[in-house]
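Throughout, a chain's letter reflects where its sequence line sits, starting with A, and its residues are numbered from 1. None of the values given here were measured: they were computed from a predicted structure.
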Number of protein chains: 2
Amino acid sequence: MASNTRERIVNTTAELFRRQGYVGTGLKQIVAGADAPFGSVYHFFPGGKEQLGAEVIRVSGQFYEDLVTAVWDAAPDVVTAVADMFAGAAETLRETDYADACPIATVALEVASTNDVLRAATADVFSAWIDAAVDRLTDASIEPAKAREVAIATIALLEGAFILSRATRTTEALEAASQTAVAQVRAALPGSGGRAAGGGRSIAR
Amino acid sequence: MASNTRERIVNTTAELFRRQGYVGTGLKQIVAGADAPFGSVYHFFPGGKEQLGAEVIRVSGQFYEDLVTAVWDAAPDVVTAVADMFAGAAETLRETDYADACPIATVALEVASTNDVLRAATADVFSAWIDAAVDRLTDASIEPAKAREVAIATIALLEGAFILSRATRTTEALEAASQTAVAQVRAALPGSGGRAAGGGRSIAR
DNA sequence: GTCTATAAACCGATAGAC
DNA sequence: GTCTATCGGTTTATAGAC
């Protein structure tokens, strides 16, 4: 079996990135949390902090995508899926004292104008999320162009609500964003007549 | 006339925070950019980097609020106002090579779980933005509870789209978010019947 | 592969001359 | 109010023993 030191380093880094971001997380803090010798970082990641950061972004992005799509695919329809996603995010935020939101957003904003390697890694993650959401929306008979628009807006609503919720330490923003996200998905469904509000529950899948 | 060294320090810090965040911006870099002696930071801000950071968050938040409300109030109706706000944000992002988005979001995510003084400052800014948006939505005859929900979702859409746009270096996310923001505001207007899509242009103010 | 010691640069913060 | 020198601590990164 391969060394799990590398795995511990990646997992510890991922958790620290979520709470403190890329710049605020030191290599010493990482090896302390992972209970690994300092040299291991450069043994497994010769490219140093940047290489470790890029891998953590990709791994965290994939993990989060798997998590969200599992919730999504367990729901009976896309409207419920989106509502469940926001509800789950709110619950996680409360349970973790508003610490564990998106593992990518903080790093994405930090590096967007300062490190193009890491910026590209965050862009790849977001693109993968958008594609996954588009697939599920088009499966629910939403036209591709509209599906992409709705997918992007849904992710934007979630990310933006994370910022507001973590700053204010309430889940109000996630709940407000959920209402809008659900309404726009419902309005995009065929036969909805573009109706955004109202109690009609779609069963489109 | 009072010293403008303090003002230069605040303005330089605000610009650096937008591009690099709080942690990534050093005091030495600030005084270099502000063309000020190092000691001036501690002369004007005895509380050090944290006190300077808190003031910059509040000043930047107020400045950005004034900027957005000026655009908003120049529009003929709330639907146009929201569309103009997103269009202006997209233009600014393109013009500044995707650097100048929200001056608060990056810092908010960085400090949310690590510095409660600065977290509270970002929360105050977001609360003020929400209140300002609620005022304008209720002026357009939207019920207070609905107005607050729409206000929060609109800000979340903008902030989330900033993340995606800066990471991908395209304005697609801002355009998609704009569509959803406009639709939800339109749906919230009285007499809309909750209609989110469609070509009817409201003149409610 | 594991681990320690250390280099070189940078950080925020302080003291004190002017 | 301006400016410099410097402190103590931290950072990323490297060298080299085991």
Side-chain angles (χ1 to χ4, degrees), chain A residues 1-57 106-107 109-111 113-119 121, chain B residues 1-57 106-107 110-111 113-119 121-122:
Chain A
M1 145 185 167
S3 159
N4 59 356
T5 299
R6 184 191 154 102
E7 201 175 329
R8 286 204 314 279
I9 290 174
V10 170
N11 291 338
T12 300
T13 305
E15 190 177 326
L16 291 171
F17 277 7
R18 260 197 307 208
R19 293 170 152 78
Q20 314 175 342
Y22 176 79
V23 185
T25 299
L27 257 24
K28 301 230 164 128
Q29 190 181 9
I30 290 170
V31 296
D35 200 25
F38 186 80
S40 293
V41 172
Y42 286 89
H43 174 71
F44 293 113
F45 305 94
K49 189 182 184 182
E50 184 179 275
Q51 186 189 343
L52 170 58
E55 174 154 335
V56 167
I57 289 167
T106 309
V107 177
L109 287 180
E110 282 182 296
V111 305
S113 301
T114 58
N115 186 319
D116 208 60
V117 171
L118 297 181
R119 179 204 62 76
Chain B
M1 145 184 170
S3 158
N4 60 356
T5 300
R6 184 190 154 100
E7 200 175 330
R8 286 204 314 279
I9 290 174
V10 170
N11 290 339
T12 301
T13 305
E15 189 176 328
L16 291 171
F17 277 7
R18 262 198 306 209
R19 294 170 152 78
Q20 313 176 342
Y22 176 78
V23 185
T25 299
L27 256 24
K28 303 225 165 134
Q29 190 182 8
I30 290 170
V31 296
D35 201 24
F38 187 79
S40 293
V41 173
Y42 286 89
H43 175 71
F44 293 113
F45 305 93
K49 190 182 183 181
E50 184 180 273
Q51 186 188 344
L52 170 59
E55 173 154 337
V56 167
I57 289 166
T106 308
V107 177
E110 281 182 298
V111 304
S113 300
T114 58
N115 186 319
D116 207 61
V117 171
L118 297 181
R119 179 204 61 77
T122 63

> Which nucleotides of nucleotides 13-18 of chain C have their base under 4.0 Å from a protein heavy atom (B), which only their sugar-phosphate (S), and which neither (-), written as one string 5' to 3'?
Replying inline: BB----
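Straight-line distance from the CZ atom of A:Phe44 to the P atom of D:dA13: 17 Å, rounded to whole Å. Rounded to an integer number of Å, the gap from CD of A:Gln51 to P of D:dT12 is 15 Å. The distance from atom CD1 of B:Ile30 to atom P of C:dC10 is 16 Å, rounded to the nearest whole Å. Atom-to-atom, CG of B:Asn4 to C1' of D:dT2 comes out at 13 Å; the value is rounded to the nearest Å.
Exactly one residue among B:Thr122, B:Asn115, B:Asp116 makes a side chain to side chain donor-acceptor pair (under 3.5 Å) with B:Arg119. That residue is B:Asp116.
For A:Glu110 (side chain) and A:Val23 (main-chain N/O), a donor-acceptor pair under 3.5 Å exists by modelled atom type. With A:Lys49 contributing its side chain and A:Tyr22 its backbone, the two residues share a donor-acceptor pair below 3.5 Å.
Summarising the geometry, atom CZ belonging to A:Arg19 is positioned 11.5 Å from atom OG1 belonging to B:Thr114; distances are rounded to the nearest 0.5 Å. Of the inter-residue distances, the one linking A:Thr106 atom OG1 with A:Gln20 atom CD reads 10.5 Å to the nearest 0.5 angstrom. The CZ atom of B:Phe45 lies 7.0 Å from the OG1 atom of B:Thr13; values are rounded to the nearest 0.5 Å.
The shortest distance between the side-chain N/O atoms of A:Thr5 and the OP1/OP2 oxygens of C:dT2 is below 4.0 Å.
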